[in-house]
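Down below is the structure, laid out as structure tokens.
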Amino acid sequence: MKVLVTVKRVVDYNVNVRVLSDNTGVDLNNVKMSVNPFDEIAIEEAVRLKEAGTAEEVVVVSIGTSACQEQIRTALALGADRGILVETDEDMQPLAIAKCMKALIEKEQPGLIITGKQAIDDDNSQTGQMIAALAGLSQATFASELVIGDGTATVTREIDGGLETITVKLPAIVTTDLRLNEPRYASLPNIMKAKKKPIDTYTPADLGVEVAPRVKTLKVTPPAERKAGIIVETVEELVDKLKNEAKVIS
Amino acid sequence: MSILVVADHDNDTIKASTLVTVAAATAIGGDIEVLVAGENCGAAGEAASKIAGVSKVLVADNAAYAHAIAENIAALVVELGPNYSHILTATTTTGKNFMPRVAALLDVAQISDISAVVSEDTFERPIYAGNAIATVQSSDSIKVLTVRGTAFDPVAADGGSAAIEAVDVVTDTGLTTWDRDEIVKLERPELTAASIIVSGGRGMQNGENFALLESVADKLGAAIGASRAAVDAGFVPNDMQVGQTGKIVAPDLYIAVGISGAIQHLAGMKDSKVIVAINKDEDAPIFQVADYGLVADLFKAVPELDSML
Ligand SMILES: Cc1cc2nc3c(=O)[nH]c(=O)nc-3n(C[C@H](O)[C@H](O)[C@H](O)COP(=O)(O)OP(=O)(O)OC[C@H]3O[C@@H](n4cnc5c(N)ncnc54)[C@H](O)[C@@H]3O)c2cc1C
Ligand SMILES: Cc1cc2nc3c(=O)[nH]c(=O)nc-3n(C[C@H](O)[C@H](O)[C@H](O)COP(=O)(O)OP(=O)(O)OC[C@H]3O[C@@H](n4cnc5c(N)ncnc54)[C@H](O)[C@@H]3O)c2cc1C
């Protein structure tokens with residue numbers, strides 16, 4: 001089985017982003033960029049399937065500017081076999097990304113596609129589901145456990161009330177939740193080896209995908225500030241404030 | 001304009017998140033219809049017909065729609081979709097699961113987790129864990145939206161008298177089968193509906209110590225939440241995680257105990273009306289968003305708090 005994994009280049013999760021003063025977006029200058037953390041979990045899961053002999057090949061895909069090669073190399077250092085970059089400077093929205101992925105699924109014929117459940121920059125949580133819809137495949141989102149069976153996958157999903165287990169026909173799209181696994185770190189020798197692994201490059205046009213954005217960002221503004229609070233000295237003072245000042249308990 | 005709200009329900013009752021979604025639909029303006037898809041969901045359909053401002057309720061009652069299997073629900077909504085200018089549902093794990101499929105199959109974008117309606121085609125939504133708010137405009141003919149549960153005041157659950165219509169479209173893709181679920185039995189209010197939340201983090205040290213918070217929560221009628229670190233460490237189940245990638249809450253009072261205040265946690269609770277932080281580290285970032293901070297060892301402070309309530 002071949003496993004296709006998507007990796008998105010995003011602002012590192014430790015960065016506290018700031019809105020630009022002209023309200024056109026957030027400041028991405030000299031900001032550390034990383035693999036979306038949920039995609040690290042996706043890579044790890046795919047690599048483990050390969051190590052267990054369930055998967056033969058792990059292919060990672062990133063869609064965006066040429067800088068996304070960095071994140072593909074990271075995935076290759078973590079154990080993926082080869083990379084695909086769909087290169088574009090266009091603002092790629094989930095629907096366009098899903099269309100590119102549909103074309104790649106037709107080309108690559110994977111048995112399983114793993115994406116993150118959400119990207120931590122736009123927080124859309126759409127892309128995996130859209131890929132599944134366009135490719136006519138089943139989906140198992142927010143996975144915390146994945147067991148591959150005979151032509152099926154049994155997936156435990158994190159849902160609002162607890163956990164749910166479903167069985168999907170393969171090929172399927174699985175989107176990763178935080179507790180699916182704990183990703184490894186890349187070792188230095190593997191980082192060196194990753195430099196020699198192949199990356200194919202396409203453009204959305206090569207894949208026959210029209211990428212014009214459907215949603216326009218009119219402005220980006222900072223959230224409402226909370227006014228500074230106070231430090232109370234004792235539990236008694238805290239209870240008094242909550243009762244008599246904030247009036248949130250009685 | 002005609003708006004379809006896909007209801008969040010448990011076959012018997014309508015969830016509060018549906019009332020919030022109807023509120024967002026009301027802000028857009030137009031005729032509001034509610035779809036209740038499930039199995040033996042007649043009672044939920046009845047309940048939906050009483051929601052203020054709803055003109056019609058569509059009930060799709062079939063085994064194919066039990067357990068809200070995304071492929072089947074999406075296919076149903078796509079069937080009905082072209083009749084509407086907007087399709088809305090709540091940003092729950094169910095809504096997040098099926099709605100992007102609907103959007104993709106209708107060949108339109110989805111705007112996730114809207115926090116305000118600016119106009120019929122323009123919406124606000126938080127990005128970067130709530131550190132920025134984007135105002136976005138859709139050029140699609142059908143707007144597919146999910147609605148943030150904390151962002152709109154729910155409409156009244158009664159007062160309406162909408163007509164109920166059965167929908168007999170059955171779409172079973174057969175792609176997915178439901179095996180089982182493990183729903184955590186709630187002895188306290190649901191996190192997203194609670195007006196007070198007591199939340200514990202890694203500082204709690206283990207699951208047993210959450211009993212300290214439970215005692216306080218019971219006195220306050222509060223729900224219990226947790227940080228990711230507490231869930232990852234197995235202190236408490238996943239459905240208690242508050243944050244960017246867990247549940248988004250905005251209660252009247254949020255008490256964070258032994259939680260440092262990472263951006264990802266703040267993203268899930270910083271719209272709370274009053275925030276209390278109890279942490280032994282005076283430099284913990286949680287104090288920057290707290291209205292009332294108490295620098296103390298939680299193992300002393302929480303029992304003391306408990307005894308004063
Ligand atoms: C220069 C630039 C400007 C942009 N401006 C905007 C803007 O103003 N408004 C806007 O809405 N969007 C904008 N985007 C697009 C945005 O960054 C996202 O790529 C897109 O909206 C997808 O949303 P998401 O990442 O939140 O998807 P989600 O659905 O949350 O992502 C889930 C998963 O899908 C996969 N995935 C998502 N994107 C990619 C990708 N590019 N490559 C590989 N895998 C991927 C990953 O596995 C990820 O974990 C811009 C993009 C660029 C490059
Ligand atoms: C992709 C991604 C998504 C994430 N999503 C989420 C999310 O949705 N929700 C979330 O919460 N996190 C999320 N995180 C994790 C987040 O970054 C933090 O790691 C996490 O919130 C830390 O939890 P914590 O505050 O309980 O633990 P810590 O940061 O370890 O803080 C523990 C705190 O307890 C205090 N403490 C210890 N002992 C005591 C005592 N005896 N008395 C008083 N105080 C004490 C310490 O001073 C410390 O401040 C995410 C991370 C990533 C990368």
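Each chain gets a letter, A, B and so on, in the order its sequence line appears, and its residues count up from 1.
Heavy-atom distances place both the backbone and the side chain of A:V248 under 4.5 Å from chain B. Proximity to chain A is limited to the side chain of B:I263, based on heavy atoms less than 4.5 angstrom apart. Residue B:K273 touches chain A through its backbone alone, counting heavy-atom pairs closer than 4.5 Å. Neither the backbone nor the side chain of B:E282 comes within contact range of chain A, judged by heavy atoms closer than 4.5 Å. Residue contact with chain A, scored on non-hydrogen atoms closer than 4.5 Å, involves the side chain of B:V276 exclusively. Contact annotation for B:E182: both backbone and side-chain heavy atoms come within less than 4.5 Å of a heavy atom of chain A. Residue contact with chain A, scored on non-hydrogen atoms closer than 4.5 Å, involves the side chain of B:L309 exclusively. Proximity to chain A is limited to the side chain of B:Q264, based on heavy atoms less than 4.5 angstrom apart. Only the side chain of A:V11 comes within contact range of chain B, with heavy atoms under 4.5 Å apart.
Note: B:L266 CG to A:R226 CZ = 10.0 Å, rounded to the nearest 0.5 Å.
Ion pair A:R18/A:D27 not flagged as a salt bridge, since none of the NZ, NE, NH1 or NH2 atoms sits closer than 4.0 Å to an Asp/Glu carboxylate oxygen.
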Per-pair distances, 0.1 Å, donor-acceptor, side chain in residues 96-115 of chain B, under 3.5 Å, sequence neighbours excluded:
unit_1, atom_1, unit_2, atom_2, d
B:N97, OD1, A:Q139, NE2, 2.8
B:N97, OD1, A:T141, OG1, 2.6
B:R101, NH1, A:L137, O, 2.9
B:R101, NH1, A:Q139, OE1, 2.9
B:R101, NH2, A:L137, O, 3.0
B:D107, OD1, A:K99, NZ, 2.8
B:D107, OD1, A:R214, NH2, 3.2
B:D107, OD2, A:R214, NH2, 3.4
B:Q110, NE2, B:S112, OG, 3.1
B:S112, OG, A:N124, O, 2.8
B:S112, OG, A:Q126, NE2, 2.7
B:D113, OD1, B:T91, OG1, 2.9
B:D113, OD2, B:R148, NE, 3.1
B:D113, OD2, B:R148, NH2, 3.0
B:S115, OG, B:E124, O, 3.3

